Amino acid sequence: MSTQTPTLNEIVALAKRRGFVYPASSIYGGLANAYDYGPLGAQLLKNIKDAWWREFIESRQDMVGLETQIIQHPETWVASGHVESFNDPLVEDKVNHKRYRADHLIEAWLKKQTNPPKIDVDSLNLEEMAELIKKHKIKSPDGNPITQPKPFNILFETHLGVVEGEKDKVYLRGETAQGIFLNFKNVLDSTRVKLPFGIGNIGKSFRNEITTGQFVFRTFEFEQAEIEYFFNPKETDWQKLFKKWQDDMWQFVTKTLGVGEASLRWRRHSNAERSFYSQETYDLDFKFPFGFKELWGLAYRTDYDLKQQAKHSGADLSYRDPYTHETFYPHVIEPALGISRAFLMVLVDAYKHDSTGRFYLDIKSDLAPYQVAVFPLLKNKPELIKKARQVFDKLKGDFRTTWDDRGNIGKRYLYQDEIGTPFAVTIDFDTLEKGQVTVRDRNTTKQEVVAVEQLAKYLADKFKQT
Ligand code: ATP
C-alpha cells in the first residue's frame, strides 16, 4: 500500500470526477476561489460535521451548542477588533497589479533558496517584511517588482436594507466565535450550565483572502466549527485544560476521522505571531499536498472577548458563581476547526494505492459517503433485480446504501473504491438458490459469502472493527 501524499492536482481531479467538489459557477467560467460540494462531497462534509457535533456537543455533559447568525450587529466586529486589525499584509505586482500576501511570497522565496536564512515568517511585522523584500529583491511569481506591504482588512462588508450608506453597513462574520460571546448571557439565563463549560457553533465564515489557489484549503466562504470553553481561572489550571483540549482534538482527528499520526504536528505560536490578547496558541497542522499547514487552532483568549463585547454593548456579561456568589468574567480556551480543511485532510489522508496499483479511498466507514453498495449481477434478469431490491431496501434503513447496475462487476468495484465505499454486496444466482450474497471489502478486495439474513449484522460488526 502506498501512503505517499497525493498531489493537489490528483485530489482536485478526483474530487471533480467523482462528485466531491466542483468549481463553483463553472457554466459561467467559474468564480475565483469558490467551490460547490457535489453529492458525495456534501455527504462527506455533513458526516464530518455530525461527527464533530456528536463528539464535542452531544456526548459531553459540559458542552452545549448554538447556531448563530452570519450577520450580527456591526459593533460586534468593532468590539472584537476585526474592523481595526483583521488584516493581512498585501503587496501588488507593479506591472500587472496582481495581488499577493507578502508573507506567502517570502515563504515561497525562502523555499527556493539553497541556504535559506533562518526566518520565522509567521512572526514578521509589516516593516520586517518590507525590509526582507527590499534586501532580497523578492519578486512576484511573474518575476516583477512588488509594492511595499500594507495592511488589508479581510472582513467582508455589505449593507442591510434598500439604501446603501454608512448607517446600514454590516459585515459577514469573519469567525463564528463572536456569536458565542454575544449569546453568553442568553445561555447562562436559559440553561443549567455552570463553569467550566463550553459552547460550540458550526457555520459559514467569510474572509476576503488575498492568497488563493489552494483548493478548499483557503476560500472566501468556508465553514468553521468553533468552541469557547469558559472557566474560572482561579479554580481551573489553564495549562492543564489547554493540554486536555490538545488531547481531545488529537483524538478526534486520529480516531474519529481516522487520520494517520505521521501527517500531524503541533506548532506553537511565537510571542510575535500570537494575538495580543492570547496567552498561548497552538496550531494542529496537517501535511497537506503543499506542506504542513493549519487545520485547527487552539488559543487561550483569556477574558478579552467577553469584556470587549460587554464594554461595547453595555450588557453585563459577567458570571455569578451559583455557590460562592463570586462575580467575574470567565476566561476561555478556543478550539477553532476549519471544516473545509478537515474535509480536504480526510480526502488527502484516504488517497491510497495498493501493491497492484489499484486506487481506493480509505475513508472510515462512519464518514464514507456510502457505506454499502448493492449490485445485481445482471441487469436484464428480473428475478435478480427483485432480490437485489429487497436486499437494498433492507440495508438502506441501517446504512448509507447505494445501488449500481451499470457495467460489469469489476468496473462497479473500481468506481466504489474511488468514492470510498467500504463494502459492495453482489446478488447473484446463489442468492436466489441458497440465500447467499458476496460481500467484497474495499481495502483488501477479499470476498466473503454471507447469508442474506446475516448481512446487516455482518456489516454492522465489520463497521465496529474499523
Ligand atoms: P491561516 O493562518 O491559515 O489564514 P488563521 O490562523 O487565520 O488561518 P483562524 O483565524 O485560527 O485561522 O481560524 C480557525 C480555523 O478556520 C483555521 O484553523 C482554519 O482551519 C479555518 N480557516 C481560516 N481561514 C480559512 C479560509 N480562508 N478557508 C478555509 N478555512 C479557513
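No experiment lies behind these values; they were computed from the predicted model shown. Both counts, for ligands and for their atoms, begin at 1 and track the order of listing.
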Report yes if [X] has an N/O atom closer than 3.5 Å to an N/O atom of ligand 1; otherwise report no.
| X | answer |
| --- | --- |
| F222 | no |
| S340 | no |
| F217 | yes |
| L295 | yes |
| R341 | yes |

*Hey, what's the ring geometry for F252 with F56, parallel, tilted or perpendicular (30° and 60° as the breaks)?*
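Geometry flag for F56 against F252: tilted rings.
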_salt bridge (charged side-chain N to carboxylate O under 4.0 Å, His left out) partners of residues 113-129, not counting sequence neighbours, each pair once_ =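 Only D122-R267 qualify under salt bridge (charged side-chain N to carboxylate O under 4.0 Å, His left out).
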*Which residue pairs pass the salt bridge (charged side-chain N to carboxylate O under 4.0 Å, His left out) test with at least one member in residues 242-259, sequence neighbours excluded?*
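Sorted result for residues 242-259: R60-D248, K243-D247, K244-D248.
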Considering only protein heavy atoms, which is closest to [atom], and at what distance to one decimal place?
| atom | result |
| --- | --- |
| atom 28 (N) of ligand 1 | T219 N, 3.1 Å |
| atom 21 (C) of ligand 1 | G338 CA, 3.6 Å |
| atom 18 (O) of ligand 1 | E294 OE2, 2.6 Å |
| atom 23 (C) of ligand 1 | R207 NH1, 3.4 Å |
| atom 27 (N) of ligand 1 | E209 OE2, 2.7 Å |
| atom 15 (C) of ligand 1 | A336 O, 3.6 Å |
| atom 1 (P) of ligand 1 | R218 NH1, 3.6 Å |
| atom 14 (C) of ligand 1 | Q224 NE2, 3.5 Å |

Answer yes or no: are there more than 12 heavy-atom neighbours, outside [X] itself, under 6.0 Å from its atom [atom1]?
| X | atom1 | value |
| --- | --- | --- |
| R17 | CZ | yes |
| E131 | CD | no |
| E326 | CD | yes |
| K16 | NZ | no |

_Against ligand 1, does F220 come closer than 4.0 Å with any heavy atom?_
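No, F220 has no heavy atom closer than 4.0 Å to ligand 1.
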*Can a non-hydrogen atom of E175 be found less than 4.0 Å from any atom of ligand 1?*
no
_Candidate pair F206 and Y171, rule ring-ring contact (aromatic ring centres under 6.0 Å, His included), full reasoning_ = CA-CA 9 Å; F206 299 80; Y171 303 96; over 10 Å; no
*asked:* Checking Y319 against N232 for the side chain to side chain contact (heavy atoms under 4.5 Å, CB included) test, could you report, in this order, the C-alpha distance in whole Å, the side-chain angles of both residues, the deciding distance, and whether it holds?
replied: CA-CA 9 Å; Y319 174 84; N232 180 349; over 6 Å; no
_Distance under 4.0 Å to a non-hydrogen atom of G297: what atoms of ligand 1 satisfy this?_
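Matching atoms, with element in brackets: 18 (O).
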*Determine whether the aromatic ring centres of F288 and F217 lie less than 6.0 Å apart.*
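Distance test on ring centres: under 6.0 Å, yes.
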